[in-house]
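Only one structure is covered here, and it is reproduced in the block below.
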Protein chains: 2
Amino acid sequence: MSIIKSNTLKNIPFFKNCSDKTIEALSDQAQIIDLEKGSMLFSNKDKAERFYLVTKGWIKLYRETIDGAQSVVDILNANNVFGEVALFQNDTTSFSAEAAERAQVMSFPLCILKKEIENNSNLTMDMMLSMTRHARQQDQEIENRTLKNASQRIGCFLLRLVDQRKTGEIVIKLPYDKTLVAARLGMQPETFSRALNKLKDQIDLHVVGREIRILSLQDLTKYACSACSSEFPCHDIKS
Amino acid sequence: MSIIKSNTLKNIPFFKNCSDKTIEALSDQAQIIDLEKGSMLFSNKDKAERFYLVTKGWIKLYRETIDGAQSVVDILNANNVFGEVALFQNDTTSFSAEAAERAQVMSFPLCILKKEIENNSNLTMDMMLSMTRHARQQDQEIENRTLKNASQRIGCFLLRLVDQRKTGEIVIKLPYDKTLVAARLGMQPETFSRALNKLKDQIDLHVVGREIRILSLQDLTKYACSACSSEFPCHDIKS
DNA sequence: TCTTTAATTTGATTTTGGTCAAGGCAATAT
DNA sequence: ATATTGCCTTGACCAAAATCAAATTAAAGA
């Protein structure tokens, strides 16, 4: 059984430079956790002893004030790893994690990863790269909040879901529900709904539930990227 | 002359784990650049071949759209290093740099740093730590933009300038001009001015030019941190 | 299918911050 | 000292988004 997990791990980008021995150790200590929608995996108050791999569904990472207002840090799906930065922050995290929908994660002891990092510079470099990419995305996000209005942020979000080489009509399926997309983009659900309507007025775009049909990528690009420092197609696309 | 620079570098946190040989090499290839206020050091369009150390004044890192709207990424003063992340991004940066006031920087070839990183895991770990800290700050910044209003953001900014253990009356000097503080906080100068006035109404606070006198840190904390996920004193304070 | 619940939309209203224009103030240069 | 320039503030107005309330639609269970 532990062997199945090992094979699984080898195919995950995050683990590709891990030594076999460490993969074994991680597999042995792995736990599988099933999560109902909305159930919390950990809180920023907790001491971090494990890190996580998403295997099914979506996990929301967020910060929360005393009175319940949330700021979304990231939203991750299968094959993404999170919670590992605790290694560089005295075993604390600055965010909480919960299932955005029914989901499954695998958890591993941080201490195993810590040991591996100390003498595997390839893994360290991988983490460095992914951290750099994340930092860049955060910079981009701050720029978006500063310079783009709600409709443009939605447009930008949509563009990142598209295979950017495609031409002609395109159908996009929102990866998770609209309320969560709104939160991810830093706006209220009501604002999201209205801003999407405005987008419909501006460019040729049809919405049916979570599916969005776009007739001209160019128009959308022109609209969304005009208030952006980077040119389309964006260089900081995920994964 | 190169020796003076070497000694200087050894005292900079960023270089503390660099080998002597690399410090020598960096010193030999170092260039000193004086910058008038507003003059640009590099643009995100440029290919990055060097990284930088601030030696005097303030440097503004920012992103800019075609029509000149800016989003501030960071504002750095003496002893801070920037531009080194280009190493992990194919020798590109996603931001531009200019002097926020008369300033001086030292520049070094990235390739020397690259070589050093490849076989100095201590340095790599340092960079990892500083990158983690920066990422955390960015998360905090996104939270601030999402959950705090203009006055609370200003309050938060002020709190981070204070020695948090002090009690009683406190005088804070803004590190750079108000227009730049406003940009750093993602608001217009007019909004900054008004929001600072509002802050005066809410808590006991006096402003004379760049100097701000605060009578009760507690009041300010209560006001600014109520819309925040982390408790005061903040854990992600700079440097 | 019928309930029940949750997600989404819409309308009305308020709040916040942005924009534009004008003045005041302060630092620097002449 | 006076002029010039750039920074900062204020007022009037506008626009975007948040909030509150209600209706509608979609999804999940029984």
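Side-chain atoms are counted along with the backbone in the values below, which use heavy atoms only and exclude waters and symmetry mates. Below, chain A is the first sequence line, B the second, and so on; all start at residue 1.
As rounded to whole Å, 17 Å separates atom C1' of dA15(D) from atom CG of Leu147(A). The separation between Arg145(B) atom CZ and dA16(D) atom P is 19 Å, rounded to whole Å. Nucleotide dA27(D) holds its C1' atom 20 Å from the OH atom of Tyr176(A), rounded to whole Å. At whole-Å resolution of the value, CD in Glu101(A) and C1' in dA28(D) are 14 Å apart. Note: CZ (Arg210(B)) to C1' (dA27(C)) measures 11 Å, nearest angstrom. Distance Asp177(B) CG to dA27(C) P: 13 Å, rounded to the nearest Å. One atom, CE of Met187(A), and another, C1' of dT8(C), lie 15 Å apart when rounded to the nearest Å. Note: NZ (Lys198(B)) to P (dT15(C)) measures 11 Å, nearest angstrom.
The listed nucleotides are dT9(C), dT16(C), dC8(D); the one nearest the side chain of Ser193(A) is dT9(C). When the nucleotides dA16(D), dC8(D), dT9(C) are ranked by their closest atom to the side chain of Glu190(A), dT9(C) comes out on top. Of the candidate nucleotides dT10(C), dG17(C), dT10(D), dT10(D) has the atom nearest to the side chain of Arg194(B).
With respect to Glu190(A) and Arg194(A), no salt bridge is recorded, no charged nitrogen being found less than 4.0 Å from a carboxylate O. Salt-bridge formation is detected for the pair Arg63(A)/Glu143(B): a Lys NZ or Arg NE/NH1/NH2 atom is positioned less than 4.0 Å from an Asp or Glu carboxylate oxygen. We find that Glu211(B) and Lys173(B) are not joined by a salt bridge, their nearest charged nitrogen and carboxylate oxygen being 4.0 Å or further apart.
Aromatic ring pairs are classed by plane angle as parallel below 30°, tilted from 30° to 60° and perpendicular above 60°; the pair Tyr176(B) and Trp58(B) is perpendicular.
For Thr179(B), a side-chain nitrogen or oxygen approaches OP1 or OP2 of dC8(D) to under 4.0 Å. The shortest distance between the side-chain N/O atoms of Asn197(B) and the OP1/OP2 oxygens of dT10(D) is below 4.0 Å. In this structure, Thr191(B) does not reach the dT16(C) phosphate: none of its side-chain N or O atoms is under 4.0 Å from OP1 or OP2.
The shortest non-hydrogen separation linking Ser229(B) to Thr65(A) is N-CG2, 4.0 Å.
Using a 4.0 Å heavy-atom distance criterion, Lys37(A) is classed as a sugar-phosphate-only contact.
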